[in-house]
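Labels below follow one simple rule: chain letters A, B, ... track the order of the sequence lines, proteins then strands, and each chain is numbered from 1. No experiment lies behind these values; they were computed from the predicted model shown.
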Protein chains: 2
Amino acid sequence: MNSSKTPSSSPEASSPESSENGVEGGRRRATINDIARLAGVSKKTVSRVINQSPFVRDETRERIEAVIAEWGYAPDPQARGLAFRRSFLIGMIYDNPNPQYVVNMQLGLLDGMRGSGFELVVHPCNRASPTFLQDVRSFVERQKLFGVVLPPSVSEDERVAKLLNEIGCSYIRIASVELDKPEHMIVGHDRMGAAAAAQHIVGLGHKRIAFISGPESFRSSHERRGGFEDGLAESGLKLTENDIVQGAYTFESGVACGDVLLARTPRPTAIFCGNDEMAAGVLQSARKAGLSVPQDVSVVGFDDFQIAQAVWPPLTTVHTPTREIGKMAAEKLIGVERREPRDMTKTEPSLVVRESSGPVPV
Amino acid sequence: MNSSKTPSSSPEASSPESSENGVEGGRRRATINDIARLAGVSKKTVSRVINQSPFVRDETRERIEAVIAEWGYAPDPQARGLAFRRSFLIGMIYDNPNPQYVVNMQLGLLDGMRGSGFELVVHPCNRASPTFLQDVRSFVERQKLFGVVLPPSVSEDERVAKLLNEIGCSYIRIASVELDKPEHMIVGHDRMGAAAAAQHIVGLGHKRIAFISGPESFRSSHERRGGFEDGLAESGLKLTENDIVQGAYTFESGVACGDVLLARTPRPTAIFCGNDEMAAGVLQSARKAGLSVPQDVSVVGFDDFQIAQAVWPPLTTVHTPTREIGKMAAEKLIGVERREPRDMTKTEPSLVVRESSGPVPV
DNA sequence: CTGAAAGCGCTTACAG
DNA sequence: CTGAAAGCGCTTACAG
């Protein structure tokens with residue numbers, strides 16, 4: 001059994017390399033003791049400077065900071081974490097299947113953590129696993145995580161939030177609705193984006209409009225549908241039961257739903273899809289049916305991931321600022337004070353008009 | 001200046017939450033001292049069990065393991081790392097711009113690390129930055145990384161390998177050619193995949209064949225080109241200077257190169273592209289020129305990322321087992337002994353024939 | 001095969 | 001405003 005729960009390369013077991021590791025290029029890294037000695041103070045005072053304590057005379061602080069800078073000293077996060085009983089690691093726990101989303105979210109979190117000394121540990125998971133909660137718990141507890149960021153759909157799992165509260169781990173939930181206290185939330189405002197899509201479609205003169213929804217289990221499915229209906233309502237339009245088809249946020253489900261909708265008589269002249277993947281699927285379906293987009297039918301997506309520009313015609317879609325949202329989440333988690341007030345418009349979705357939408361056919 | 005190099009939420013500065021953190025749900029986690037006491041041995045002996053030392057009597061070991069299991073004890077990686085002078089974190093340092101690649105690589109690394117107690121810290125970087133090497137160095141040294149995995153193109157940077165050797169950090173380079181000692185390499189065999197693509201194209205009867213290359217700075221560009229030429233050579237065909245156009249592995253460069261190639265007289269009847277992105281671009285270009293794929297021109301890609309199936313027609317391409325390669329890299333780094341011998345065919349690229357390639361037009 | 005002492009590099013009370 | 005002592009949870013020599 002090599003599935004032991006501890007790293008297996010131990011010193012006593014067998015480590016051929018360990019002997020040569022002592023002889024590294026360059027001199028030993030400075031420690032807090034070195035800095036204290038060099039600055040002629042106790043290590044506690046150096047510690048105060050590191051931790052930005054106000055109880056240090058300016059003169060002393062400057063002297064210490066000079067020594068720190070001269071030696072390029074950086075405190076050991078491991079030792080600091082051991083004493084703090086809390087590491088300087090941020091966990092991202094997620095099950096979102098879209099690579100573009102995942103990568104943009106990671107980049108955003110890293111943006112928000114830059115220069116802070118924190119590092120990002122990634123932790124994909126499976127919410128359906130019987131050991132899911134136990135996995136999350138042991139991940140958080142073993143690493144003594146400073147905090148975790150939860151994108152959808154993990155963010156929508158109340159069991160996870162409850163667990164995190166119980167074990168006293170800071171967390172930020174990213175979701176399309178306010179699911180928790182404000183200090184734990186970054187909200188995406190999917191409704192606004194979907195409403196903008198509705199207005200765009202209505203503005204083009206469409207009346208026979210269909211909606212392909214994401215899966216029931218995602219809050220964003222409901223928000224995007226709700227926002228779309230809000231937008232239509234402004235022009236006095238509304239979706240009937242029949243106008244809504246249930247997809248699964250996948251390309252294949254988009255093809256299937258497209259097949260259903262495009263076979264109808266009368267055919268819808270515009271289809272709003274819960275995400276780009278499904279919109280790309282509808283494009284595929286239209287091609288099979290010999291229909292032109294947007295001449296015969298307009299198609300609008302949501303997310304503005306790369307696929308939106310790679311398909312033909314390029315998709316009109318709702319851009320979501322995933323990376324910016326990630327940045328905000330990280331900043332909130334680690335408690336960064338911002339110079340400028342937050343510009344809320346930067347995290348709002350916005351409509352991007354491309355070539356997959358056009359006037360209603362005559 | 002909040003750009004201090006240490007986490008800013010310090011106890012002395014201002015931490016409103018810190019007081020309530022002491023009162024967490026449930027009892028304190030067990031430590032090595034608890035286990036030692038409960039098992040009636042010294043902590044050193046518990047340590048020996050944790051580290052799989054052979055110098056423990058079987059009876060003693062079993063008793064200790066029983067206590068460990070009963071209490072669900074897991075050693076604190078932070079304390080262990082402090083004593084070891086080495087953390088149990090694996091870094092992935094990368095600059096590959098493709099989200100699908102990045103996510104699959106991460107998943108593969110995680111596959112290889114599962115159950116080992118290691119965690120994955122992600123570290124995107126910019127090789128062109130003047131502080132690049134310094135950034136890598138301080139990341140590795142500060143976190144006392146157990147080791148790092150370098151996908152292309154970071155893996156191709158000799159300065160990074162040199163640095164890592166100097167500071168004594170284990171590393172695995174993932175590349176399309178053997179750039180280093182075998183213990184530091186996982187090789188992708190891009191040549192084989194490109195040769196298979198050539199054979200497929202030749203088999204379809206094509207003679208006027210063009211190649212869109214990736215950027216000079218990526219080794220894979222050269223390997224894919226070389227492999228393609230090898231494959232053609234088997235049938236006595238060869239590429240002239242004129243048949244090769246230089247792209248940049250991006251969708252846009254694919255469009256541009258497609259525009260150039262498809263405007264020629266006589267037009268090539270088949271185009272092999274260095275990756276899927278560029279192949280998707282060529283599809284776009286063909287559409288603009290009013291050409292049908294594969295009736296007028298066959299297009300073949302490389303990678304088999306999602307885009308290959310989302311475009312129309314779906315791309316014939318070379319599938320690369322990114323995730324499997326990541327798994328091997330992680331296993332090699334942490335020194336996992338494998339039950340079965342490695343199945344090399346699992347890391348070889350393989351041709352996937354879809355609808356973007358067909359017989360040469362008559 | 002097993003253990004007591006010292007140490008990894010920090011921070012926490014507690015003094016002054 | 002500053003410091004000496006003890007401790008965070010492990011592992012390393014060194015003994016036996």
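Side-chain contact, Ser170(B) with Arg86(B): a donor N or O sits under 3.5 Å from an acceptor N or O.
Nearest to the side-chain atoms of Arg57(B) among the listed nucleotides dG9(C), dC1(C), dT12(C) stands dC1(C). With distances taken from any side-chain atom of Ile32(A) to the nucleotides dG9(C), dT12(C), dG3(C), the minimum falls on dG9(C). Checking dG3(D), dG7(D), dG3(C) against every side-chain atom of Lys44(A), the shortest atom distance belongs to dG3(D). Proximity note for Ser42(B) (side chain, C-beta onward) versus dG3(C), dC8(C), dG9(C): the nearest is dG3(C). The listed nucleotides are dG9(C), dT11(D), dG3(D); the one nearest the side chain of Thr31(A) is dG9(C). For Thr60(A), the side-chain atoms get nearest to dC1(D) when compared with the rest of dT2(C), dG7(C), dC1(D). Taking only side-chain atoms of Arg85(B), from C-beta outward, the nucleotide of dT2(C), dT11(C), dC8(C) with the closest atom is dC8(C). Here the nucleotide nearest the side chain of Phe55(A), chosen from dC10(C), dT2(D), dG3(D), is dT2(D). In this structure, the nucleotide among dC10(D), dT2(D), dC8(D) sitting nearest to the side chain of Arg80(B) is dC10(D). Of the candidates dT2(C), dC10(C), dC8(C), dC8(C) carries the atom nearest the Leu82(B) side chain, counting heavy atoms from C-beta on.
The CD1-P distance, from Ile50(B) to dT11(D), rounds to 5 Å in whole Å. When rounded to the nearest whole Å, the span between CD of Gln143(A) and P of dG9(D) equals 15 Å. With rounding to whole Å, Arg142(A) atom CZ is found 20 Å from dC8(D) atom P. Taking atom NZ of Lys43(B) as the reference point, atom P of dG7(D) lies 12 Å away to the nearest angstrom. When rounded to the nearest whole Å, the span between CG of Asn33(A) and P of dG7(C) equals 12 Å. The CD-P distance, from Glu141(A) to dC8(D), rounds to 18 Å in whole Å. Between the CD atom of Glu59(A) and the C1' atom of dT2(D) there is a distance of 13 Å, rounded to whole Å. Counting to the nearest Å, the P atom of dC8(D) and the CG atom of Asp76(A) are 18 Å from each other.
Of the residues near DNA chain C, Ala79(B) and Asp58(B), the one whose nearest nucleotide (by heavy atom distance) lies more toward the 5' end is Asp58(B).
Checking side-chain atoms of Asp95(A) against main-chain N and O of Ser153(A) turns up a donor-acceptor pair under 3.5 Å. For the pair Ser87(B) (side chain) and Gln143(B) (backbone), a donor-acceptor distance under 3.5 Å is present.
Looking at Arg48(B), its side chain comes within 3.5 Å of the base of dG3(C) through a donor and an acceptor atom.
Salt-bridge formation is detected for the pair Glu166(B)/Lys162(B): a Lys NZ or Arg NE/NH1/NH2 atom is positioned less than 4.0 Å from an Asp or Glu carboxylate oxygen. Under a 4.0 Å N-O distance rule, the pair Arg173(A)/Glu158(A) qualifies as a salt bridge. Note on Lys144(A) versus Asp76(B): salt bridge recorded, some NZ/NE/NH1/NH2 to OD/OE distance being below 4.0 Å.
When Watson-Crick and G-U wobble pairs are counted only if both distances are under 3.5 Å, dA13(D) pairs with no nucleotide at all. Across all strands shown, dA4(C) remains unpaired; no Watson-Crick or G-U wobble contact has both distances below 3.5 Å.
OP1 or OP2 of dG3(D) lies within a sub-4.0 Å distance of a side-chain N or O belonging to Thr45(A).
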